S.K.: 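Mind looking over this structure? Questions follow.
All residue numbers in this chain count up from 1 along the given sequence. Not measured: the values here are computed from a predicted model.
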Amino acid sequence: MKFIGLAALAQTLFVLSAYATPSPISGSSDVVVRDPAIWYNADLGKYFVFATGGGIGIFTSSALTGPWTRDGSVLPSCSSIALSGNCDLWAPDVNYYNGRYVLYYSVSDLGSQNSAIGVATSPSMLAGTWTDLGKVIGSSPGDVYNAIDPNIIDNNGLKLSFGSYWNGIYQVGLWPDVNNQASATPGTHLAGGNGRAAEGGFVYKPASSSYYFFFFSDGVTPLVGATSYPAAGNEYKVLVGRGSNAMGPFYGQLGNDLTLDLTPPTGSLVLASHDNVYSPGGQSIFADPKSGRDVMVYHYIPASAAVGSASYLGINYLDFSSGWPVVVD
């Protein structure tokens, strides 16, 4: 019986390990970031990661496994948007559109609706090459949305998703260029509402799937200097829904629209706290042309670190073969 018990235990541990969430790939555990966004410049043979803070910090590497080098800022002389916070820019989103790199950013103060989303363009993504085109959309106290956390997708024209807390995450069209609002705010309601701690929306369509996936961060994200953490399970995590259109609606695996105010909250889990990863979120997803794989970047706090510590760059691969994104090695 003892041997049978040991065999059963070994089999159980093998099954659990097969389904365990992988740790971030090596090479970025020393890169301090929040809200990372990633792209690749094939001409330069470099990955670029952009992150919250200052004029949007730039990190570069020739490989996803690093080493990563801090390489200047997108807008070191601040944004042209005349709002408080225009020298401490948040939550970048980067893409390539019509022969140039475009980077959207947020201008705001913590907890304020006096916010705006701006955009800058570059021929290469290198520091010193970015041109600020200024404000795209904004919000004010009393609006149902907050104009932060931008994400762009080109799907029959540009679609800009945005929003945090308040009544949720929305989407408007842009036309004829990257800085021209084409439809009225708040636009199409994609997720969240009723003050839910949902933000950082990101629409992504993997080449292997007919679905569009809407990733978002749900829960409380501890900041540097925090003196306590939220109750277990209430910290940041990455959730997802999927739909047949980049404009939604998006549904979790239980079939509930992400805009519904339900308990438990809508959305299916992609990445939560595990092992030495605490409060992962601020995610961006990217089709890596070098590996041919889908890649998710995010920030997390080492679980072994003291409360109030900085967050670091996490990178993982995603697999969509089940019909839903799964973090894999």
Side-chain angles (χ1 to χ4, degrees), residues 35-41 48-52 56 58 74-75 79 81 89-108 115-125 130-139 145-164 168-192 199-207 212-217 240-241 243 245-248 250 282-289 294-298:
D35 311 316
I38 187 170
W39 207 261
Y40 182 71
N41 183 324
F48 285 71
V49 164
F50 302 90
T52 284
I56 300 295
I58 303 172
V74 173
L75 298 176
S79 166
I81 298 172
L89 309 177
W90 300 352
D93 181 63
V94 64
N95 212 310
Y96 187 79
Y97 181 73
N98 275 359
R100 56 187 170 165
Y101 297 95
V102 295
L103 184 139
Y104 291 81
Y105 60 85
S106 310
V107 177
S108 190
S115 309
I117 289 169
V119 65
T121 63
S122 166
S124 66
M125 296 190 287
W130 290 94
T131 300
D132 185 18
L133 301 184
K135 178 180 173 181
V136 181
I137 64 169
S139 61
Y145 65 96
N146 195 11
I148 64 172
D149 290 4
N151 167 246
I152 200 77
I153 186 169
D154 183 13
N155 178 254
N156 296 318
L158 293 177
K159 308 295 189 298
L160 173 67
S161 303
F162 57 92
S164 168
I169 303 171
Y170 291 85
Q171 186 186 81
V172 296
L174 302 181
W175 180 264
D177 205 355
V178 296
N179 59 330
N180 302 124
Q181 180 182 339
S183 57
T185 51
T188 303
H189 191 190
L190 299 182
E199 57 189 6
F202 195 101
V203 183
Y204 181 72
K205 185 185 180 302
Y212 292 85
F213 292 85
F214 185 79
F215 295 78
F216 64 103
S217 298
V240 74
N245 192 297
M247 299 175 65
F250 298 102
Q283 73 295 319
S284 296
I285 298 86
F286 164 70
D288 178 23
D294 301 299
V295 172
M296 179 170 68
V297 297
Y298 55 94

S.K.: Go through the steps for F215 and V240 under the test side-chain contact (heavy atoms from CB on, under 4.5 Å), then give the verdict.
M.R.: CA-CA 4 Å; F215 295 78; V240 74; 4.0 Å; yes
S.K.: Report the distance from atom CZ of F216 to atom CD of Q283, rounding to the nearest 0.5 Å.
M.R.: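 One finds 9.0 Å between CZ of F216 and CD of Q283.
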S.K.: Could you report the tightest heavy-atom contact between S124 and N41, atom names first, then the distance?
M.R.: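 Result for this residue pair: O-ND2, 3.0 Å.
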S.K.: Given F286, which partner from the list F202, F48, W39 fulfils the ring-ring contact (aromatic ring centres under 6.0 Å, His included) test?
M.R.: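 It is W39; the other options fail the test.
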S.K.: If you define the side chain from C-beta out and look only at heavy atoms, does anything of P150 sit under 4.5 Å from S106?
M.R.: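 A side-chain contact exists here, since the closest heavy-atom pair is under 4.5 Å.
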S.K.: For the CG atom of N155 and the CG atom of N245, what is their distance to the nearest 0.5 Å?
M.R.: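 Going from the CG atom of N155 to the CG atom of N245 covers 6.0 Å.
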S.K.: Between G201 and F214, which heavy-atom pair has the shortest distance, and what is it?
M.R.: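 Heavy atoms only, the tightest pair is CA-CZ, 3.5 Å.
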S.K.: Between P92 and A37, what is the shortest heavy-atom contact and its length?
M.R.: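 Scanning both residues, the minimum pair turns out to be O-CB, 3.4 Å.
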S.K.: With rounding to the nearest 0.5 angstrom, report the CD1 to CD1 distance, I38 to I285.
M.R.: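 One gets 11.0 Å once the value is rounded to the nearest 0.5 Å.
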S.K.: Return the minimal non-hydrogen interatomic distance between K135 and A116, and the atom names on each side.
M.R.: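 For K135 versus A116, the nearest heavy atoms are CG-CB, 4.3 Å.
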S.K.: Is there a donor in the side chain of E199 and an acceptor in the side chain of S217, or the other way round, less than 3.5 Å apart?
M.R.: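 Checked: E199/S217 side chains show no N/O donor-acceptor pair below 3.5 Å.
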S.K.: With a 4.5 Å limit on heavy-atom distance, are the side chains of I56 and I58 in contact?
M.R.: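 Answer no - side chains too far apart.
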S.K.: Check whether any side-chain heavy atom of L89 sits under 4.5 Å from a side-chain heavy atom of V107, and report yes or no.
M.R.: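 With C-beta onward as the side chain, the pair touches.
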S.K.: Could you tell me how the ring of Y145 sits relative to the ring of F162: parallel (under 30°), tilted (30 to 60°) or perpendicular (over 60°)?
M.R.: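 Ring orientation, 0 to 90° scale: perpendicular.
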S.K.: Between atom CG of N179 and atom CD1 of I137, what is the distance when rounded to the nearest 0.5 Å?
M.R.: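 So the CG of N179 and the CD1 of I137 are separated by 12.5 Å.
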S.K.: Are any side-chain N or O atoms of Q171 and backbone N or O atoms of N151, one a donor and one an acceptor, separated by less than 3.5 Å?
M.R.: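 No; zero donor-acceptor contacts below 3.5 Å.
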S.K.: Test your reading of the model: is there a side-chain donor-acceptor pair from Y104 to the backbone of V178, 3.5 Å cut-off?
M.R.: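 Confirmed, Y104 side chain pairs with V178 backbone.
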S.K.: Assign the ring pair W130 / F50 to parallel, tilted or perpendicular, where the plane angle (0 to 90°) is split at 30° and 60°.
M.R.: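 Plane angle over 60°, so perpendicular.
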S.K.: Can a donor-acceptor pair be found, under 3.5 Å and without considering hydrogens, that links the side chain of N146 to the backbone of S164?
M.R.: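 No; judged by distance alone, with no hydrogens or angles, the pair does not exist.
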S.K.: Going from OG1 on T131 to CG on L75, what distance comes out if it is rounded to the nearest 0.5 angstrom?
M.R.: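 Result: 9.0 Å between the selected atoms.
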S.K.: Distance-only, no hydrogens or angles: does the S115 side chain make a donor-acceptor pair with backbone N or O of S108 under 3.5 Å?
M.R.: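 Side chain of S115 to backbone of S108: no pair is present.
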S.K.: Could you pull out the closest heavy-atom pair between D149 and G200, with the gap in Å?
M.R.: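 Residues D149 and G200, closest heavy atoms: OD2-N, 3.0 Å.
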S.K.: Do you know which two heavy atoms are closest between M247 and L190, and how far apart they sit?
M.R.: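 In this case the closest contact between M247 and L190 is O-CD2, 3.5 Å.
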S.K.: Exactly one of D132, T52, D35 should register a side chain to side chain donor-acceptor pair (under 3.5 Å) with Y105. Which one does?
M.R.: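 When side chain to side chain donor-acceptor pair (under 3.5 Å) is applied between Y105 and each of D132, T52, D35, only D132 qualifies.
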S.K.: Could you please spell out the steps behind the side-chain contact (heavy atoms from CB on, under 4.5 Å) verdict for N95 and D154?
M.R.: CA-CA 9 Å; N95 212 310; D154 183 13; over 6 Å; no
S.K.: Are D177 and R100 ion-paired here, with the side-chain N under 4.0 Å from a carboxylate O?
M.R.: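 Answer for the salt bridge query: yes.
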S.K.: When you measure from the side chain of S183 to the backbone of V172, do you find a donor-acceptor pair of N or O atoms at a distance under 3.5 Å?
M.R.: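 No, the answer is negative, given that no donor and acceptor are paired below the 3.5 Å cut-off.
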S.K.: Say whether, by atom type as modelled, one donor and one acceptor occur between the side chain of S122 and the main chain of Y101 under 3.5 angstrom.
M.R.: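 Not a single qualifying donor-acceptor pair exists.
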S.K.: Run through I152, I153, N98 and flag the one making a side-chain contact (heavy atoms from CB on, under 4.5 Å) with L158.
M.R.: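 Answer after filtering I152, I153, N98: I152.
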S.K.: Tell me, do K159 and V203 make a side-chain contact under 4.5 Å, heavy atoms counted?
M.R.: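 When only atoms from C-beta onward are counted, V203 and K159 do not touch, as no gap falls below 4.5 Å.
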